[in-house]
Amino acid sequence: MARCVIWGTTTISLPDCFYRFMRIEDYKTIAPEDAVQLQRSLRACISITALGREVATVGGADISYNRGSGLMHAAMVVLELPGLRPVAYSLASDETSFPYIPGLLAFREMPALMKAWSQLRAKPDVLMLDGHGLAHPRRMGIATHFGIEADQPTIGCAKNILTGTHGELGVRKGEQADLMDGEEKVGIALRSRTNVNPVYVSPGHRCSFEDAYRIVMQSLTKYKLPRTTRLAHRWANMLRRGEAEPGYTEV
DNA sequence: GCGACAG
DNA sequence: ATCTTGTCGC
């Protein structure tokens with residue numbers, strides 16, 4: 001749909017690609033209908049390719065906030081890949097008025113995430129976000145959306161399905177089943193821990209399904225969630241509770 | 001029309 | 001997302 005804007009004394013309509021030039025800051029006040037149009041517009045920018053270089057660092061990102069509040073607390077961590085040792089943290093808080101709407105998560109969380117991202121000196125080779133990548137009705141989950149805006153390889157790792165279905169998968173850690181949206185594969189249901197409900201992994205941007213599976217597997221320890229997610233979650237909570245200060249820290 | 005619905 | 005105690009099962 002074209003969008004009409006006032007330009008001087010005349011009204012003109014802009015094509016869909018207009019939405020690609022929206023600033024992240026504008027997400028805070030965008031209308032949900034426009035947010036959906038931006039996702040449709042951004043879809044042409046998705047790149048699902050194999051991670052080029054060897055992955056030496058993996059990042060984790062998460063958001064924490066009090067229910068009913070628009071103050072978002074973002075945390076990003078960077079871990080070395082064999083070993084999962086933390087090497088850097090970035091913490092940032094940011095206010096938004098965009099609500100949580102299934103399918104539009106990025107518009108609520110991305111401003112704060114981008115703030116934390118900007119502070120991060122050492123960018124990870126691939127960043128894992130809490131939420132989906134391609135496993136989204138318009139293939140534009142927060143991992144994909146963020147990856148495009150930051151021009152960064154990303155992976156989505158979610159605890160629940162937003163769209164799609166999958167068959168049974170073995171109960172052992174590492175077993176998987178394709179997550180299908182109709183005839184299209186959009187992700188993987190992955191058993192991240194034996195006898196525990198699976199997590200849902202999907203490529204975000206500049207990453208393949210195989211890469212996504214491998215990186216998530218390499219980020220698992222003894223818990224259901226990858227260490228990336230767990231650490232980011234912990235730091236975001238500490239920031240929210242005032243137990244940690246915003247800023248960038250290298251370990 | 002009805003139900004589902006990341007965080 | 002967050003608020004919370006105990007409890008069932010490997």
Side-chain angles (χ1 to χ4, degrees), chain A residues 27-28 32-33 35-36 38-39 42-43 46 60-76 91-114 116 127-148 154-166 170-173 175 179-182 186-205 212 216 222-226 228-243:
Chain A
Y27 289 2
K28 297 177 180 180
E33 316 83 72
V36 169
L38 171 54
Q39 291 182 327
L42 236 33
R43 189 167 177 170
I46 302 174
D62 194 26
I63 290 281
S64 173
Y65 58 88
N66 293 311
R67 56 181 302 173
S69 169
L71 186 55
M72 319 302 287
H73 305 281
M76 283 196 185
L91 306 178
S93 300
D94 199 33
E95 176 83 24
T96 186
S97 56
F98 197 91
Y100 168 68
I101 300 173
L104 299 180
L105 178 65
F107 294 89
R108 178 165 174 77
E109 299 193 348
M110 265 189 52
L113 287 175
M114 203 52 86
L127 178 69
M128 198 185 304
L129 291 101
D130 222 350
H132 294 102
L134 289 185
H136 176 281
R138 291 169 292 280
R139 309 293 174 265
M140 197 52 62
I142 189 166
T144 302
H145 195 149
F146 185 94
I148 290 172
T154 56
I155 294 170
C157 181
K159 297 178 285 298
N160 295 286
I161 293 176
L162 173 61
T163 189
T165 57
H166 65 83
V171 300
R172 307 290 297 179
K173 177 177 180 177
E175 309 244 45
L179 180 60
M180 306 293 294
D181 189 357
V186 295
I188 298 162
L190 168 66
R191 196 76 67 180
S192 54
R193 180 180 172 176
T194 299
N195 286 320
V196 166
N197 288 333
V199 295
Y200 304 94
V201 177
S202 57
H205 185 56
V216 171
K222 60 183 293 197
Y223 306 103
K224 170 177 178 175
L225 299 179
T228 43
T229 308
R230 289 173 53 85
L231 287 183
H233 195 271
R234 180 185 304 169
W235 281 104
N237 273 325
M238 290 182 68
L239 177 62
R240 175 174 59 87
R241 298 176 189 135
E243 299 164 1

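All chains are named by letter (A, B, ...) in the order of the sequence lines, taking the proteins before the strands, and each is independently numbered beginning at 1.
- Using a 4.0 Å heavy-atom distance criterion, Gly103(A) is classed as a base contact.
- In the set dC10(C), dC3(C), dA6(B), the nucleotide with an atom closest to the side chain of Asn195(A) is dC10(C).
- For the pair Tyr200(A) and dA6(B), the ring geometry does not qualify as stacking, because the centroid separation below 5.5 Å and plane angle under 30° are not jointly satisfied.
- For Tyr65(A) and dT2(C), the shortest distance from a side-chain N or O to OP1 or OP2 is not below 4.0 Å.
- Distances from the side chain of Pro102(A) to the nucleotides dT2(C), dG7(B), dA6(B) place dA6(B) closest.
- The residue Leu104(A) sits close to a base: some heavy atom pair falls under 4.0 Å.
- Residue His145(A) places none of its side-chain N or O atoms closer than 4.0 Å to OP1 or OP2 of dA6(B).
- Within 4.0 Å of His73(A), counting heavy atoms only, lies no atom of the nucleic acid at all.
- Counting only heavy atoms from C-beta outward, the side chains of His145(A) and Leu105(A) never approach each other to under 4.5 Å.
- Remark: Lys159(A) is in phosphate contact with dG7(B), judged by side-chain N or O atoms under 4.0 Å from OP1 or OP2.
- Using a 4.0 Å cut-off, no side-chain N or O of Asn160(A) falls inside it from OP1 or OP2 of dC5(B).
- Comparing dA6(B), dA1(C), dT2(C) by their closest approach to the side chain of His132(A) singles out dA6(B).
- Picking from dA1(C), dA6(B), dT2(C) the nucleotide with the shortest atom distance to the side chain of Asp130(A) gives dA1(C).
- Remark: side-chain polar atoms of Thr144(A) are paired, donor with acceptor, to backbone N or O of Gly133(A) under 3.5 angstrom.
- When distances run from any side-chain atom of Asn237(A) to the nucleotides dT2(C), dA6(B), dG7(B), the shortest one goes to dT2(C).
- Listed pair Arg67(A) / dT4(C) fails the phosphate criterion, with no side-chain N or O lying under 4.0 Å from OP1 or OP2.
- The number of heavy-atom neighbours closer than 6.0 Å to CZ of Arg138(A), taken from other residues, nucleotides and ligands shown, is above 12.
- At a threshold of 4.0 angstrom between heavy atoms, the contacts of Arg240(A) are confined to the sugar-phosphate backbone, with no base atom among them.
- Contact annotation for Ile142(A): base contact, defined as any heavy-atom pair under 4.0 Å involving a base atom.
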